[in-house]
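Just so you know, ligand 1 is whichever comes first in the structure, and atom 1 is the first atom listed for that ligand.
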Amino acid sequence: MTSLDDLPIRDDLRGKSPYGAPQEVVPVALNVNENTHPIPEAVAHDIVARIAAAVIGLNRYPDREFTELRDALAAYLGHGLVREQLWAANGSNEVLQHLLQAFGGPGRTALGFAPTYSMYSLLASGTGTAWIAAPRDEEFELSPDTAVRAIREHDPDLVLLCAPNNPTGTPLSLETIRAVADAAHGIVIVDEAYHEFADPGTPSALELLPDHPRLVVSRTMSKAFAFAGARVGYLAADPAVVDALRLVRLPYHLSALTQAAALGALAHSDLMLGMVDEIRGQRERISAELSRLGFHPYRSGSNFVLFGGVDDPHAVFEALLARGILIREIGLPNTLRVTAGTEIETTAFLEAIAAFAPNRHG
Ligand SMILES: *Cc1c(COP(=O)(O)O)cnc(C)c1O
């Protein structure tokens, strides 16, 4: 057996680590921001029926343009969007990869505001794009001034805004997004993976598309839609941006089974999203209870909470894991991240974390 170091691997990949959230079989998995509620049974039956029908036709390649799916996604997003503005792939990670393949590459730069989603820098290195990590304000917030200053300083080819931001949960104002879209010369991607969990009435960057032809809004069915295992992500942008992505995708990248499953889920979007309010409630419960215990939860518009005030994050992570509760160490000092689960899962987490509370003696 040889080792990775001995292989003639690309120089820019040498020494990098792959995406690696631990995958462990535990009773309470609150580490990768999944929707922990299963798919409603009525929807599952419809999806199975659609997949069964698609199986008969698997001798043929699928619709390369996934036309029906793009129509369904446009209808779901609203905002007057039409199919020419929609694109989809196997998870929004692949959507983001298509964007970096088309608009990044050797000699080009992509900028994000750290700490942010760890896949951005990995996708950048995979496509030979230089990654620039610009700073945030206090409490991981991002003001229009701070964001625009970084854009002016670095003049990146791509900007990745995560709204709300993973792993911090921080909501991002439409004001900051607009300021970035106005200041940047290149492509501005707003990753709204958690948008459905934002407080009701929170505007989407989709509102800015008509005036910003280089703006891209990406979404996923992995989180609010409870569809992480199916691998479906999508974006809305100007039709010309979508045309650019056709140059880099693999032919027939979305299988007929994936298209059938996604159409089934979208046909029942109300049911699929039925748990979002409940999850938002559990998120608020986590934030309130962690505050009461003396931890420092950061502001969250997502289905997870990042909290500081943890003396030894690794020891707490291990102690919870020993009790069958998996949360996330994200490498920020004295912090841990937890996904809002069902009420029972959330209770299990809150009871376990109380043993490590700064206020436990108070
Ligand atoms: C979970 C997540 C995604 C979604 O990834 P998929 O490939 O669609 O499962 C995208 N962006 C962020 C910030 C995420 O946290």
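- A side-chain N or O of Glu345 and one of Thr36 form a donor-acceptor pair less than 3.5 Å apart.
- Atom numbering of ligand 1 starts at 1 in the shown order; those under 4.0 Å from a heavy atom of Gly91 are 6 (P), 7 (O), 8 (O).
- Of all the heavy atoms of Glu94, none lies under 4.0 Å from any atom of ligand 1, so neither backbone nor side chain is involved.
- Scanning the protein heavy atoms around atom 15 (O) of ligand 1, the nearest turns out to be Tyr194 OH, 2.6 Å.
- A donor-acceptor pair is defined here as one N or O able to donate and one able to accept, closer than 3.5 Å; no such pair exists between the side chain of Asn165 and the backbone of Thr170.
- Only the side chain of Asn166 comes within contact range of ligand 1, with a heavy atom under 4.0 Å; no backbone atom does.
- Atoms of ligand 1 lying under 4.0 Å from at least one heavy atom of Asn93, given by number and element, are 5 (O), 6 (P), 7 (O).
- Ligand 1 has Arg231 within reach: a non-hydrogen atom of the residue lies less than 4.0 Å from it.
- Within the listing of ligand 1, atoms 13 (C) sit less than 4.0 angstrom from a heavy atom of Cys162.
- Thr146 meets the side-chain contact (heavy atoms from CB on, under 4.5 Å) test with Asp137, Leu142, Ser143, Arg149; sequence neighbours excluded.
- Judged purely by distance below 3.5 Å, without hydrogens or angles, the side chains of Tyr117 and Asn93 pair a donor atom with an acceptor atom.
- Under the 3.5 Å distance criterion, with hydrogens and angles disregarded, no donor-acceptor pair is assigned to the side chains of Asp63 and Tyr252.
- In this structure, Ala228 does not count as a contact residue of ligand 1, since none of its heavy atoms falls inside 4.0 Å of the ligand.
- For Asp191, the closest heavy-atom approach to ligand 1 falls below 4.0 Å.
- When non-hydrogen atoms are compared, ligand 1 lies under 4.0 Å from the backbone of Ser92 as well as from its side chain.
- Residue, atom and distance of the protein heavy atom nearest to atom 2 (C) of ligand 1 are Lys223 NZ, 2.4 Å.
- Residue contacts with ligand 1, taken as heavy atom pairs separated by less than 4.0 Å, do not involve Met119 at all.
- In this structure a side-chain-to-backbone donor-acceptor pair under 3.5 Å is present from Thr339 to Leu30.
- Listed by chain and number, the residues in a salt bridge (charged side-chain N to carboxylate O under 4.0 Å, His left out) with Asp157 amount to none (sequence neighbours excluded).
- Taking CD of Glu34 as the reference point, atom OG of Ser222 lies at 9.0 Å (rounded to 0.5 Å).
- In summary, the atoms of ligand 1 found under 4.0 Å from a heavy atom of Ser222, numbered by their order in the structure, are 6 (P), 8 (O), 9 (O).
- No donor-acceptor distance shorter than 3.5 angstrom exists from the side chain of Arg214 to the backbone of Ile187, with no hydrogens or angles considered.
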